[in-house]
Amino acid sequence: MAQEEDIVCRRIPFFHHPRRRLSAVTKMLFSGRGPSAPPGCLINRPVGAQPSPKLPLLKVSFRLELTTPACPVKDMFEQKANEVVAAIPWVKNVRVTMSAQPSRPVFAGQLPAGLQKISSIIAVSSCKGGVGKSTVAVNLAYTLAGMGARVGIFDADVYGPSLPTMVSPENRLLEMNPEKSTIIPTEYLGVKLVSFGFAGQGRAIMRGPMVSGVINQLLTTTEWGELDYLVIDMPPGTGDIQLTLCQVVPLTAAVIVTTPQKLAFIDVAKGVRMFSKLKVPCVAVVENMCHFDADGKRYYPFGRGSGSQVVQQFGIPHLFDLPIRPTLSASGDSGMPEVVADPVGEVAGTFQELGVCVVQQCAKIRQQVSTAVTYDTSIKAIRVKVPDSDEEFLLHPATVRRNDRSAQSVDEWTGEQKLQYTDVPEDIEPEEIRPMGNYAVSIVWPDGFNQIAPYDQLQSMERLVDVPQITPF
């Protein structure tokens with residue numbers, strides 16, 4: 001009589017070294033030890049039960065639950081998991097089910113209703129017009145969608161929206177939900193789209209403050225629904241519009257687009273510095289219009305080195321080159337992205353690599369941000385490990401509360417300390433700690449006070465040195 005054993009592995013994040021992660025997971029899952037399986041893995045077997053060597057299992061079925069449907073190594077995981085389990089002597093047949101339960105948005109409670117179900121927000125920026133930023137944004141979005149993710153595109157260029165030209169949705173006008181006073185995005189090939197060009201107004205002729213208001217309204221009142229990635233096609237420059245976007249939404253990461261010319265590098269450098277000040281990590285550089293091939297040779301008509309210079313000067317970890325291709329330009333004018341028109345071509349392959357990079361880096365960033373500041377109840381201390389830092393340190397909760405610099409604690413005009421040392425009890429404990437973007441946390445205290453604590457401020461506070469260690473039983 002056939003027996004079946006169901007194994008469920010939940011919430012596996014994918015970044016850094018997925019092959020090592022797979023090896024570790026499979027060793028833990030399929031060692032046959034049953035009850036000694038690690039936390040996070042459920043083996044549907046009575047406690048203490050062991051597979052009988054005299055009665056081999058004829059069928060083993062298990063489910064690997066991913067944290068993103070766009071996992072770049074999903075097929076490899078399924079294949080390797082099949083091979084590893086099939087190699088177990090008492091297994092005759094294997095059935096692997098792949099599923100995904102995307103991570104909850106880290107900043108959901110702090111966002112407008114329309115943005116609360118978006119897991120990651122990616123800015124595609126150049127600060128220089130005409131370098132192919134919109135081409136990269138659109139093709140990246142459709143690459144992520146092709147990997148299985150739920151994706152939206154927000155065209156933030158009100159003066160010259162590109163999205164209506166680059167895609168061809170059947171409905172080319174945004175609709176309003178009269179009951180909720182919200183905007184319903186249009187769609188093309190499963191990707192949600194919002195652009196001022198779909199508002200029936202064409203290009204805007206208005207002053208900066210009005211444009212910032214329009215962008216804010218389009219972005220925050222749209223019914224985006226549940227998305228794994230929202231790709232924002234940023235307008236050129238580093239002015240009010242860009243700052244508004246960075247402050248209205250907590251950007252997960254930025255992708256920088258440049259061309260080989262020195263002039264492009266000068267403007268791109270300004271954008272990278274802007275993101276750095278706003279604590280938005282730049283995860284990749286795309287150097288567009290790099291080269292073309294003819295007569296068996298490769299030519300670089302605009303020179304070489306701008307992308308590499310950005311990577312080296314600012315420490316951005318990944319660089320991708322896009323060639324000069326008539327098809328890439330034509331696809332932008334035809335309304336069908338190149339990765340959709342030619343999904344197996346060289347350009348699509350480059351965007352596939354970029355998509356994998358974005359998925360992995362966003363997972364890494366989300367993990368770092370969600371665990372950057374936590375409260376350890378066993379030692380009654382706040383643990384701090386700032387993203388992109390190897391240092392971890394401890395802070396006394398009372399020290400953090402006393403160092404608040406808001407208007408409730410410090411007089412804005414005189415600088416006089418209103419919160420006194422004795423106002424904060426030594427045994428105070430935080431009730432909740434939540435991330436705020438990539439630069440700070442929000443700490444809720446028992447008296448109802450909500451303290452905003454930037455990472456820079458936490459790093460400058462007096463630290464705990466002698467902390468009693470809890471010995472395990």
### Task
For V283 and I122, run side chain to side chain contact (heavy atoms under 4.5 Å, CB included): C-alpha distance rounded to whole Å, both residues' side-chain angles, the deciding distance at 0.1 Å, then the answer.
CA-CA 10 Å; V283 298; I122 304 159; over 6 Å; no

### Query
Could you go step by step and tell me if L218 and F198 meet the side chain to side chain contact (heavy atoms under 4.5 Å, CB included) rule?
CA-CA 11 Å; L218 284 173; F198 292 137; over 6 Å; no

### Query
Yes or no on side chain to side chain contact (heavy atoms under 4.5 Å, CB included) for V131 and T258, after CA distance, side-chain angles and deciding distance?
CA-CA 6 Å; V131 300; T258 187; 5.8 Å; no

### Task
Apply side chain to side chain contact (heavy atoms under 4.5 Å, CB included) to the pair F196 and D155, showing each step before the final yes or no.
CA-CA 7 Å; F196 189 74; D155 183 358; over 6 Å; no

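Screening V249, I215, V231, I121 for a side chain to side chain contact (heavy atoms under 4.5 Å, CB included) involving F154 leaves a single residue, I215. For the side chain to side chain donor-acceptor pair (under 3.5 Å) criterion with W445, the lone passing option out of Q451, E432, E429 is Q451. Among the candidates L394, D376, V373, the single residue satisfying the side chain to side chain contact (heavy atoms under 4.5 Å, CB included) test with I382 is V373. Of the options V285, I256, T259, V257, a side chain to side chain contact (heavy atoms under 4.5 Å, CB included) to V268 is made by I256 and by none of the others.
Between the R402 side chain and the Y421 main chain, a donor and an acceptor come within less than 3.5 Å of each other. Counting only distance, with no hydrogens or angles, the side chain of S276 and the backbone of V272 share no donor-acceptor pair below 3.5 Å. Checking side-chain atoms of R150 against main-chain N and O of G225 turns up no donor-acceptor pair under 3.5 Å. Of the possible donor and acceptor atoms, none in the side chain of R401 sits under 3.5 Å from a partner among the backbone N and O of V424. Side chain of K380 to backbone of D427: no donor-acceptor contact under 3.5 angstrom is found. In this structure, K364 contributes its side chain and Q368 its backbone to no donor-acceptor pair below 3.5 Å. A distance-only check finds a donor-acceptor pair linking the side chain of K418 to the backbone of A407 [under 3.5 Å]. Under a 3.5 Å cut-off, the side chain of E392 and the backbone N or O of S389 do not form any donor-acceptor pair.
Within the 4.5 Å cutoff, side-chain heavy atoms of I428 are placed close to those of P446. No side-chain heavy atom of K279 sits under 4.5 Å from any side-chain heavy atom of Y455. Contact check for V359 versus Y229: side-chain heavy atoms found under the 4.5 Å cut-off. Annotation: side chain of F351 is in contact with side chain of L354 (closest heavy-atom distance under 4.5 Å). Within the 4.5 Å cutoff, the side chain of V138 has no heavy atoms near those of the D233 side chain. In this structure the side chain of E426 reaches within 4.5 angstrom of the side chain of H396, judged on heavy atoms. Contact check for D228 versus L144: no side-chain heavy atoms found under the 4.5 Å cut-off. Looking at heavy atoms from C-beta onward, P236 lies in side-chain contact with D157 at the 4.5 angstrom threshold.
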Report, one line per pair, each donor and acceptor closer than 3.5 Å where one atom sits in a side chain of residues 180-191; sequence neighbours left out.
residue : atom : partner : partner atom : Å
T182    : OG1  : E223    : OE2          : 2.4
T186    : OG1  : N171    : O            : 2.6

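Summarising the geometry of S460 relative to Q457, their closest heavy-atom pair is OG-O, 2.7 Å, with the distance given to 0.1 Å. The two residues D423 and Q420 make their nearest non-hydrogen contact at OD2-N, 2.8 Å.
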